[in-house]
Amino acid sequence: MEVSIYNTMSRSIEPFIPLEKGKVGMYCCGPTVYNYAHIGNLRTYIFEDLLHRILTYSGYDLTHVMNITDVGHLSDDGDEGEDKMERRSRESGMSVYDIAEMYTKSFFTDTSALNIITPDVTCRATAHIGEMIGLIRRLEKNGHTYISGGNVYFSIDTFPAYGRMARLKLDQLSSGARIEVDENKRNPKDFVLWFTKGKFENQTMKWDSPWGVGYPGWHLECSAMSMKYLGESFDIHCGGIDHVSVHHTNEIAQSEAATGKEWVKYWVHGEFLIDETGKMSKSKGDFLTISLLKEKGYDALDYRYFCLTGHYRSQLIFSWDALSAARSGRTNLKKQVASLIQETGGKKTEISSDAAQAVLDEFNGHITTDLHVPQALAVLWKLMKDKDITSGEKLSLIEMMDSIFALDLLKEEKKESEPIPQEILDLVQKRAEAKKARDFALADSLRDEIGEKGYTVKDTKDGAEIFRNM
RNA sequence: GGUGCCGUACCCAAGUGGUAAGGGACAGGUCUGCAAAACCUCCAUGCAUCGGUUCGAAUCCGAUCGGCACCUCCA
């Protein structure tokens with residue numbers, strides 16, 4: 001199936017044409033594992049997962065690579081920067097490696113709860129120091145580097161296309177407006193490839209290199225690892241929108257300066273999740289995590305559903321009300337699917353009717369056009385209400401759609417069937433008797449009493465159902 | 001200072017030239033002693049404001065107001 005996607009490089013939706021027919025190499029910037037991921041971070045991985053699923057669904061043989069940043073990501077630019085991992089280590093008393101392991105694990109716990117498919121390759125920066133040193137040597141050989149104040153810098157003046165994707169106007173950037181200019185830089189936009197100086201006294205992660213003992217600059221790892229696993233040119237590079245102007249700009253510069261080739265064909269960026277006050281960030285006090293959502297009674301997939309209702313290139317406004325709406329939506333969807341399963345005994349039917357085929361075509365059209373997932377979701381709702389399509393066909397269609405949505409629509413909810421206390425059962429029994437005697441005042445007061453004790457009773461045609469209140 | 005984005009109902013949100021998707025909430029109905037559930041129905045002549053282009057504008061252009069992001073670290 002043909003896929004089109006918005007390319008940040010051209011600022012337009014382009015037909016996707018892979019470098020090698022039928023195959024796709026995709027690299028996505030992964031987490032820096034110095035803290036828990038907040039739900040804004042995770043929105044980006046949900047969007048990348050949708051792209052992953054859509055490419056696979058469309059018949060491509062996909063290789064999806066994601067890095068784990070466990071070194072070199074500074075909290076600030078310039079000499080004042082401190083490695084985020086090291087800072088966390090200093091603050092917590094744990095070793096940097098323990099921190100990396102702990103937060104890597106929690107990251108994958110979150111992504112797994114969100115039904116995000118684990119990339120084919122996940123690679124740690126600290127396991128690829130050799131590749132990074134190799135890349136610096138290539139840049140050095142091509143005359144793109146200089147050493148100043150002990151650090152190795154990339155010289156952007158040696159790369160005329162610098163800032164092309166971000167459309168930076170270098171002469172008009174107000175460098176130093178918000179940060180101190182690094183005196184060692186020839187051009188304020190130059191960036192460090194290898195640190196041997198800086199806030200370094202406590203750095204525990206360091207390696208020997210031709211330029212001295214030190215550690216790599218943050219941007220370097222993505223270039224080095226993506227080329228290792230996907231080759232010197234590959235199809236798709238994803239990440240958050242915030243990476244366009246610095247991180248990806250620098251990645252492009254150092255990669256293309258090293259190889260002399262176009263590095264990435266399609267750049268795909270996901271917009272931010274924001275709240276009423278604007279962007280979510282880890283430095284802005286408390287941040288929202290999947291485990292917090294769970295504590296408040298939401299399923300991780302309620303959040304996934306919420307993300308599916310907005311387009312990946314638009315900001316999405318988070319609120320508890322909006323999340324509750326998503327939870328209700330997903331719950332209703334699941335209920336309707338469950339009743340379809342009950343009705344058919346779970347038997348799916350091959351799609352044969354014109355009506356069903358039309359729904360499938362519409363769905364396919366949406367997902368293969370720049371990830372128009374919100375419209376695809378609307379198609380699912382239309383399908384649920386359709387009166388001409390048989391239940392068996394519906395189930396087949398739902399299964400196909402959910403291979404993209406990944407909302408576990410066909411999965412039966414396992415109810416934790418805690419035993420109902422005898423006390424409650426007695427009250428329910430009493431109420432049933434009161435109802436039978438048409439003493440509704442007593443029945444209602446008994447229902448209130450049951451409610452006070454934390455249970456809800458609902459009458460069905462097969463008698464009373466009892467639920468524990470959440 | 002430079003760059004870019006956004007403003008659609010009570011909330012979230014889709015829609016980039018052909019007459020406003022979808023979800024949630026609300027309201028009404030069927031059913032039920034009532035409630036809940038389920039099902040049905042209703043829900044923006046309107047897309048920040050003002051002009052312009054066009055047979056036709058939420059969509060294109062200009063201005064204004066309001067909000068946000070990036071040019072430090074960030075998904």
Side-chain angles (χ1 to χ4, degrees), chain A residues 11 13 28-32 35 37-48 73-78 80-82 84 163 166-182 188-189 218 238-247 249 269-274 276-284 305-306 308-311 313-333 335-336 339 366 372-382 384-385 435 438-441 443-444 447-448 451 456-461 464-465 467:
Chain A
R11 307 284 161 104
I13 296 171
C28 299
C29 285
T32 301
N35 204 339
H38 64 59
I39 59 173
N41 300 127
L42 292 164
R43 183 188 179 197
T44 299
Y45 300 102
I46 290 171
F47 129 67
E48 289 162 354
H73 199 163
L74 302 190
S75 57
D76 293 290
D77 197 13
E80 292 310 303
E82 182 179 11
K84 290 186 176 192
R167 309 199 170 174
L168 302 179
K169 291 181 180 167
L170 293 173
D171 52 336
Q172 283 177 43
L173 291 173
S174 65
S175 302
R178 291 163 76 192
I179 57 158
E180 300 248 338
V181 177
D182 180 347
K189 297 295 290 176
W218 173 47
C238 299
I241 189 74
D242 56 314
H243 281 148
V244 173
S245 58
V246 178
H247 183 48
T249 290
H269 292 101
E271 253 293 355
F272 274 152
L273 179 77
I274 61 172
E276 311 79 52
T277 66
K279 191 174 97 175
M280 285 189 187
S281 78
K282 288 178 185 171
S283 51
K284 244 169 57 178
Y305 181 98
F306 174 66
L308 264 41
T309 63
H311 190 240
R313 283 195 287 115
S314 297
Q315 291 184 343
L316 185 61
I317 303 172
F318 177 84
S319 66
W320 292 105
D321 279 351
L323 185 63
S324 296
R327 176 174 59 188
S328 299
R330 191 178 83 95
T331 304
N332 290 340
L333 208 43
K335 276 188 198 162
Q336 291 186 30
S339 80
H366 286 313
H372 282 179
V373 176
Q375 287 104 308
L377 197 56
V379 172
L380 172 59
W381 280 102
K382 261 198 283 181
M384 298 311 294
K385 287 183 212 145
K435 273 185 68 177
R438 302 193 70 79
D439 184 351
F440 297 122
D444 287 350
R447 182 164 59 196
D448 289 344
T456 304
V457 62
K458 291 177 185 173
D459 296 324
T460 70
K461 59 181 188 302
E465 272 184 40
F467 301 96

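Letters A, B, ... are given to chains in the order of the sequence lines, protein chains preceding strands, and every chain is numbered from 1.
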| Nearest-Å distance, NZ (A/Lys189) to P (B/rG2)? | 17 Å
| query | Heavy atoms under 4.0 Å, any strand shown: does A/Phe306 hit a base, just sugar-phosphate, or nothing? | reply | sugar-phosphate
| request: Starting from C1' on B/rC12, measure out to CD1 on A/Ile317 and report it in whole angstrom. | output: 8 Å
Enumerate the protein-to-nucleotides 19-23 of chain B contacts in which both atoms are nitrogen or oxygen and the separation is below 3.5 Å.
unit_1	atom_1	unit_2	atom_2	d
B/rG23	OP1	A/Lys385	NZ	2.7

| P atoms of B/rA9 and B/rA58, separation to the nearest Å | 14 Å
| request: Describe the nucleic acid contact of A/His372 in one word from base, sugar-phosphate, nothing, applying a heavy-atom distance below 4.0 Å. | output: sugar-phosphate
| request: Could you state the atom-to-atom distance from CG of A/Leu308 to P of B/rC12 in whole Å? | output: 18 Å
| field | A/Ile241 CD1 to B/rC68 P, straight-line distance once rounded to whole Å | value | 18 Å
| remark: By nearest-heavy-atom nucleotide on RNA chain B, the more 5' of A/Arg167 and A/Ser324 is A/Arg167
For nucleotides 29-33 of chain B, give me every protein contact, N/O to N/O, under 3.5 Å, one pair per line with atom names.
unit_1	atom_1	unit_2	atom_2	d
B/rG33	N1	A/Asp444	OD1	3.1
B/rG33	N2	A/Asp444	OD2	2.8

| B/rC31 versus B/rU45 - spacing of their P atoms, nearest Å | 33 Å
| request: Quick one: label A/Val246 by what it contacts on the DNA or RNA (base, sugar-phosphate, nothing), any heavy atom closer than 4.0 Å. | output: sugar-phosphate
| task | Please name the pair of heavy atoms, one in A/Phe47 and one in A/Gly270, separated by the smallest distance, quoted to 0.1 Å. | result | CE2-N, 3.4 Å
| query | For A/Ile13 and B/rG15, what is the distance between atoms CD1 and P respectively, to the nearest whole Å? | reply | 9 Å
| query | Could you state the CG-P distance from A/Leu168 to B/rU3, rounded to the nearest angstrom? | reply | 11 Å
| said: Just to be sure I understand the rule, does A/His247 reach a base, reach only the sugar-phosphate, or reach nothing, if contact means heavy atoms closer than 4.0 Å? | reply: nothing
| With a 4.0 Å cut-off on heavy atoms, is A/Leu42 in touch with a base, just the backbone sugar-phosphate, or nothing at all? | nothing
| query | Taking only residues two or more places apart in sequence, or in another chain, which ones meet A/Asp444 in a side chain to side chain donor-acceptor pair (under 3.5 Å)? | reply | A/Arg447
Under 3.5 Å between N/O atoms: give me all the protein pairs with nucleotides 6-10 of chain B, atom names plus distance.
none

| task | Return the value, rounded to whole Å, for the distance between atom NE2 of A/His243 and atom P of B/rU72. | result | 13 Å
| message | Taking any heavy-atom pair under 4.0 Å as a contact, classify A/Gly239: base, sugar-phosphate, or nothing. | response | sugar-phosphate
| field | B/rU19 to B/rG46 separation - C1' atoms, rounded to the nearest Å | value | 12 Å
| message | Applying a 3.5 angstrom cut-off to the pairing atoms, does RNA chain B sit in any stems of at least three consecutive Watson-Crick or G-U pairs? List them by first number. | response | B:1-7 with B:65-71, B:10-12 with B:22-24, B:27-30 with B:38-41, B:48-52 with B:60-64
| task | Quote, to the nearest angstrom, the P distance that separates B/rC43 from B/rC5. | result | 36 Å
| So which one's nearest nucleotide on RNA chain B is more toward 5', A/Ser339 or A/Gly270? | A/Ser339
| request: Between B/rG22 and B/rA44, how far apart are the C1' atoms? Round to whole Å, please. | output: 15 Å
| Can you find a pair of side-chain heavy atoms, one from A/Phe306 and one from A/Ile39, that are under 4.5 Å apart? | no
| field | B/rC40 to B/rG51 separation - P atoms, rounded to the nearest Å | value | 44 Å
| field | Rounded P spacing from B/rC10 to B/rU64 in Å | value | 29 Å
| query | With sequence neighbours excluded, what pairs up with A/Arg167 under the side chain to side chain donor-acceptor pair (under 3.5 Å) test? | reply | none
| said: Suppose you measure atom C1' in B/rA21 against the same atom in B/rG15; what distance do you get, rounded to whole Å? | reply: 7 Å
